[in-house]
Amino acid sequence: FTLRAQSSAVQDYINQYKDIAITEQVRTGVPASITLAQGILESGSGNSKLAKYSNNHFGIKCKKEWTGATVYQDDDTKNECFRVYQTAADSYRDHSDFLKNRPYYTELFDLDQKDYKGWAKGLKKAGYATERDYPQNLIGLIERYNLEQYSDEAIVRINKGETPQDYVASVNSPTTNSIVTSTEKTNNNKQTLALFDDSGESLLEKDRPSSGTLTNDRKENSNIVSNNYTINKNTCTLIANTYPTGVFKINKTRVIYLSKGSSLFALAANQNMSYNKLLDNNELEAGTDILLKDRLIYLEKKPRKGEREVHLVTMGESLDEIAQKEGLQLNSLAEYNHIQKSAIPMPGESIYLRNTSPNTPKLASESIALALD
């Protein structure tokens with residue numbers, strides 16, 4: 001790998017993610033120059049296994065509060081737990097929140113946003129990385145690739161009083177949609193992924209500890225994980241991934257995950273709320289009681305807009321299912337995307353969650369829908 005090729009790879013990475021870094025500085029105050037330098041360093045310009053197969057560009061480990069998908073690989077110690085993101089954009093957003101919300105990074109936000117040297121040294125002092133020369137590496141990248149210009153651009157936007165639009169997660173980056181995995185439930189209701197390529201070979205340096213090591217039989221029955229569902233390759237059926245037990249929130253709206261056969265009358269009584277209001281919150285037909293399949297049920301009226309900009313469709317997903325997963329009103333979703341509420345979009349299509357789609361998404365054939373019903 002020549003120096004010229006390495007420089008080109010870094011510049012390509014910068015071009016791909018600079019807009020996200022700028023948006024994050026406007027949103028949280030984390031300098032875009034620091035974000036980009038950390039992304040380059042931690043992800044090997046997007047070529048590390050964590051970045052390519054888990055969309056984790058900053059090497060952020062699970063920590064106690066993480067409830068999303070996880071992956072294990074060696075770092076400071078063996079088989080450490082790392083976060084898995086649906087998109088690289090989600091990784092960038094979580095990186096900003098990680099710094100903003102942890103008390104030992106508080107002093108960084110007292111620094112000038114143009115003081116990249118102070119930020120680089122402060123990250124090391126706060127324990128973000130163990131490498132002795134971590135600050136120098138960040139500073140070197142910022143100066144070599146003139147990353148200050150992106151912090152300057154963010155400052156101009158801030159001074160104009162601009163506010164960042166909600167996150168656009170449609171970055172042209174690898175996602176877990178193409179990863180062949182095996183999924184299992186853990187005691188704390190987290191989704192754990194052990195990653196394999198198409199040949200069944202492990203994509204990690206080390207697999208999980210012996211209690212979670214996958215056998216050849218389990219590799220053969222591996223699944224493809226995408227959005228909130230797992231698609232079994234052999235049977236082409238949808239398997240719901242783990243949601244938290246009890247009431248939790250999606251799009252700032254209280255929701256509960258009910259299994260097939262659950263009674264909505266019973267839920268309404270248990271939650272001390274009107275049964276008809278429960279149906280209205282979930283845009284269900286009058287008289288619906290026993291669920292014919294697993295479903296997210298909202299206890300409050302869903303907003304008209306989602307938290308993210310787009311949702312990538314998986315096999316057999318209906319517009320109604322997408323509205324439930326993303327926590328927004330089905331009518332709004334249909335209007336944004338110029339399709340009927342009963343539509344089943346083609347896998348891989350982008351469904352807009354906040355604004356009008358520039359294109360009408362392609363729809364799946366009825367035969368696909370029936371096969372997955």
Side-chain angles (χ1 to χ4, degrees), residues 10 13-71 73 75-76 80-109 111 113 115-116 118-131 134-135 137-139 141-142 145 147 150-151 153-154 164-176 307-309:
V10 172
Y13 184 89
I14 294 167
N15 292 340
Q16 186 169 6
Y17 297 113
K18 59 184 175 63
D19 290 336
I20 299 177
I22 292 168
T23 299
E24 285 304 290
Q25 181 173 342
V26 175
R27 187 176 74 88
T28 66
V30 179
S33 61
I34 286 291
T35 298
L36 286 169
Q38 284 194 281
I40 294 165
L41 192 61
E42 297 286 350
S43 75
S45 300
N47 290 305
S48 71
K49 288 182 178 180
L50 274 177
K52 290 173 70 176
Y53 303 117
S54 304
N55 289 318
N56 188 331
H57 283 240
F58 299 93
I60 296 181
K61 296 177 182 177
C62 296
K63 306 298 182 182
K64 292 181 179 179
E65 74 275 12
W66 181 249
T67 59
T70 62
V71 69
Q73 75 174 46
D75 191 52
D76 297 326
E80 292 197 80
C81 182
F82 289 88
R83 301 181 181 190
V84 173
Y85 303 96
Q86 184 175 336
T87 68
D90 292 336
S91 176
Y92 268 72
R93 185 180 180 89
D94 191 47
H95 167 262
S96 300
D97 291 341
F98 187 86
L99 296 181
K100 188 73 174 178
N101 298 325
R102 290 189 171 270
Y104 34 87
Y105 296 119
T106 301
E107 293 183 3
L108 291 174
F109 293 87
L111 299 173
Q113 292 181 11
D115 184 10
Y116 62 88
W119 272 81
K121 293 174 183 176
L123 284 167
K124 167 63 178 173
K125 181 180 178 181
Y128 190 96
T130 57
E131 295 89 342
Y134 192 76
N137 289 335
L138 292 180
I139 293 168
L141 286 168
I142 291 170
Y145 294 97
L147 302 183
Y150 306 115
S151 292
E153 184 174 339
Q165 294 180 346
D166 280 5
Y167 224 68
V168 178
S170 56
V171 180
N172 183 21
S173 61
T175 70
T176 53
E307 287 187 304
R308 300 185 298 151
E309 189 73 17

Write down the atom of [X], the atom of [Y], and the distance for their closest heavy-atom approach.
X	Y	value
V26	A154	CG2-O, 3.9 Å
G118	L108	O-CD2, 4.3 Å
I142	A37	CG1-CB, 3.8 Å

_Test ring-ring contact (aromatic ring centres under 6.0 Å, His included) applied to Y13 - qualifying residues, sequence neighbours left out_ =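 Per chain and number, Y13 pairs via ring-ring contact (aromatic ring centres under 6.0 Å, His included) with Y17, H57.
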*asked:* Quick test of your reading of the model: are K100 and E24 salt-bridged, counting only N-O distances below 4.0 Å?
replied: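 Answer for the salt bridge query: no.
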Straight-line distance of [X] [atom1] to [Y] [atom2], nearest 0.5 Å:
X	Y	atom1	atom2	result
I60	F82	CD1	CZ	10.5 Å
S54	K49	OG	NZ	11.0 Å
D19	E153	CG	CD	7.0 Å
I34	L111	CD1	CG	9.5 Å

*Carefully, step by step, assess L41 and L138 under the rule side-chain contact (heavy atoms from CB on, under 4.5 Å).*
CA-CA 7 Å; L41 192 61; L138 292 180; 3.9 Å; yes
*Short question: side chain of D97, backbone of N101 - any donor-acceptor pair under 3.5 Å?*
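Answer holds: no.
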_Taking G44's backbone N and O only, do any of them form a donor-acceptor pair with S48's side chain (distance below 3.5 Å, no angle check)?_
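Answer holds: no.
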*Is there a donor-acceptor contact under 3.5 Å linking the side chains of D94 and S91?*
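D94 vs S91: no donor-acceptor pair found between side chains.
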*Tell me, which pairs form a side-chain hydrogen bond (donor to acceptor under 3.5 Å, both in side chains) where one or both residues lie in residues 32-42, sequence neighbours left out?*
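Applying side-chain hydrogen bond (donor to acceptor under 3.5 Å, both in side chains) to every pair that reaches into residues 32-42, excluding sequence neighbours, yields S33-S151, Q38-H95, Q38-Y134, E42-Y134.
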Using side-chain heavy atoms (C-beta onward) and a distance below 4.5 Å, is [X] in contact with [Y]?
X	Y	answer
L36	L141	no
R83	F98	yes
I14	Y150	yes
Q86	R308	yes
V84	Y53	no

*Any chance you could lay out the side-chain contact (heavy atoms from CB on, under 4.5 Å) test for R27 and R93, step after step, and finish with the verdict?*
CA-CA 9 Å; R27 187 176 74 88; R93 185 180 180 89; 3.3 Å; yes
Atom pairs and distances, side-chain donor-acceptor, residues 119-131, under 3.5 Å, sequence neighbours left out:
| residue | atom | partner | partner atom | Å |
| --- | --- | --- | --- | --- |
| K124 | NZ | T130 | O | 3.0 |
| K124 | NZ | E131 | O | 3.1 |
| Y128 | OH | F58 | O | 3.0 |

